[in-house]
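Note sheet for the following structure.
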Amino acid sequence: MKRIIGTWLALSVWACAANLNFKETSKEVTAKTDASEVNTEFAFTNSSKKPVTIVQSDPGCPCVKVQIAGGKLNYAPGESGVIRATVDVTNLSGTVDKPIGIWLDKDPKEKPSVVINLRVHIPTLVELEPKTLTWMVGSKPEPQVVTVKMAEGQSIQVVGATIQATGGKTKSESFSATVKTLEKGRLYEVTVTPRDTATPGIGTIRVETDLASGKHKFEQGFAVVRNRTATEKEAGKP
Amino acid sequence: MNPFGQAMAIATISFAAAGGTYWIKGPPVRAYVCDPASLKPGEICLQQVPTDAPILWIDARPRKDWEKNGIKESILWNLDPAEDTQAFEAEAVPRILETPRVVVYCTSENCGISHQVAARIRELGLGAEVWALKGGWDALRDSGRVRSE
């Protein structure tokens, strides 16, 4: 009996021993202005006494590609390797966390042995503030302003701004827009005025820059005439 | 009793106990279970989604998944580099103004894209209530709201 219990204990220790030790399981990187992707590496070592096989990785986002350096999936005790993560930041902004699950052999499907996290800071090249101008139905149709600000160190000019009707009920002339230069290449104002606020309507504000192409050629904001939501009414918001 | 006999006795007792538990309690519950106490800010469990008002469901998964088995009448808004974010915004804004209660879901509990899309919707400042669905599409499937095929 003692021999059996002892054997079972030894086997259980053996079964739990497989592991990859990462030098860092969390990294923070800042993308270059207008970069399309960010690359980083996570180094690891098989610190256990048995071979380890990486069977799967899941970055949880089509925007992240994961590669094992050299395509090597099997690691003997003491062997080291590198996981490379490439994040396509084309449609990302601000600060995003990208957790990447790494499954080893014998890991259950729902629980990877390791989750490494990549935090990416993506600077905004052209920023519209606010993103949406709002008039409540029945309020005064007074002009409101969107500030267009370029990232530090960038010189990008605004060449024009238009408002396109969005949705079937909004007429194209429901809003007007004018552009004012506060600091050439750095800071602009787009003033938007609704024709009236008697009925709900939506306009898409399109600010054109002098960039040749890319996602910042046109920046997008919205002008909205709407009713208060039920939550806003309950909160007594004006 | 010799060691082999002892091992067989232990194994028999263990299997009997396991079988009895299975017979009494039934198979293990494999469906996704959301604990409201574990929610992060901006998250919601499926059972908490309001039923007294329309909900705008936003699918943050890849387009092919949304087309295959997204919630009926949901719209797509993901962070795939191949997609046009401005087009997603332009489509979503009138829908959000019509239905200012929005739930964003992605594939599973481990997917963070729904949170990022929800954050973008809040930044639009449309006065909507916006949540990311904890458990994602897995939770919807396990509740019967969507089918795998």
Side-chain angles (χ1 to χ4, degrees), chain A residues 1-5 7-8 36-37 58-64 87-99 101 110-112 115 117 130-134 136 164 166-170 200-204 206 215 218-222 224-232 235 237, chain B residues 1-7 9-11 30 32 52-53 60-65 77-101 106-117 119-129 136 138:
Chain A
M1 176 59 100
K2 287 180 190 174
R3 210 176 294 170
I4 291 172
I5 293 173
T7 306
W8 279 358
S36 60
E37 62 180 37
D58 181 9
C61 176
C63 57
V64 180
V87 181
D88 188 321
V89 298
T90 306
N91 277 345
L92 303 180
S93 60
T95 297
V96 296
D97 284 314
K98 293 296 173 192
E110 62 280 359
K111 189 162 174 54
V115 177
N117 189 68
K131 186 80 169 166
T132 301
L133 299 175
T134 303
M136 292 301 166
Q164 295 169 343
T166 304
K169 297 179 183 174
T170 308
I202 309 169
T204 301
R206 298 270 287 173
K215 65 177 181 177
F218 288 94
E219 288 295 333
Q220 180 172 268
F222 299 93
V224 166
V225 178
R226 65 175 176 87
N227 292 300
R228 281 178 193 72
T229 63
T231 307
E232 287 171 332
K237 284 189 179 177
Chain B
M1 192 186 291
N2 62 35
F4 178 76
Q6 291 172 7
I10 292 171
R30 299 193 193 279
Y32 180 80
D52 58 345
R61 300 177 303 155
R63 180 176 289 273
K64 61 176 174 47
D65 292 339
W77 187 339
N78 61 37
L79 300 179
D80 191 332
E83 298 278 7
D84 184 345
T85 295
Q86 292 188 353
F88 285 145
E89 274 184 353
E91 183 188 356
V93 165
R95 294 290 300 270
I96 293 169
L97 290 172
E98 265 178 44
T99 310
R101 279 181 165 171
C106 52
T107 308
S108 66
E109 183 170 3
N110 297 320
C111 167
I113 299 174
S114 56
H115 283 272
Q116 292 169 43
V117 172
R120 291 196 179 193
I121 295 171
R122 293 188 196 103
E123 285 166 11
L124 289 174
L126 298 172
E129 292 179 270
D138 287 349

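Side-chain contact between S93(A) and R120(B): present, with at least one pair of heavy atoms (C-beta onward) separated by less than 4.5 Å. Side-chain contact between V87(A) and P81(B) is absent, with no heavy-atom pair separated by less than 4.5 Å. Looking only at side-chain heavy atoms (C-beta outward), Q86(B) and R206(A) come within less than 4.5 Å of each other. Residues Q116(B) and L92(A) form a side-chain contact, since some pair of their non-hydrogen atoms from C-beta on lies under 4.5 Å apart.
Using a 4.5 Å cut-off between heavy atoms, S36(A) does not touch chain B at all. Contact annotation for D97(A): only backbone heavy atoms (N, CA, C, O) come within less than 4.5 Å of a heavy atom of chain B. Residue contact with chain A, scored on non-hydrogen atoms closer than 4.5 Å, involves the backbone and the side chain of L124(B) alike. With a threshold of 4.5 angstrom between heavy atoms, T132(A) approaches chain B through its backbone and through its side chain. For L97(B), the part lying near chain A is the side chain, with the backbone staying farther off; criterion is any non-hydrogen pair under 4.5 Å.
Ranked by heavy-atom pairs shorter than 4.5 Å toward chain B, the options V115(A), T90(A), T134(A), D88(A) are led by D88(A). Most heavy-atom pairs under 4.5 Å with chain A, from the set H115(B), E89(B), E129(B), E83(B): that is E89(B). Contact count against chain A (heavy-atom pairs under 4.5 Å) is highest for T85(B) among T85(B), N78(B), D84(B).
Considering V224(A), T229(A), I202(A) as possible partners of L126(B), the one that fulfils the side chain to side chain contact (heavy atoms under 4.5 Å, CB included) test is V224(A).
Side-chain atoms of D80(B) never come within 3.5 Å of backbone atoms of C63(A) as a donor-acceptor pair (strictly under, hydrogens ignored).
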Checking side chain to side chain contact (heavy atoms under 4.5 Å, CB included) for the pair K131(A)/E123(B): CA distance, chi angles, key distance, verdict? CA-CA 7 Å; K131(A) 186 80 169 166; E123(B) 285 166 11; 5.8 Å; no

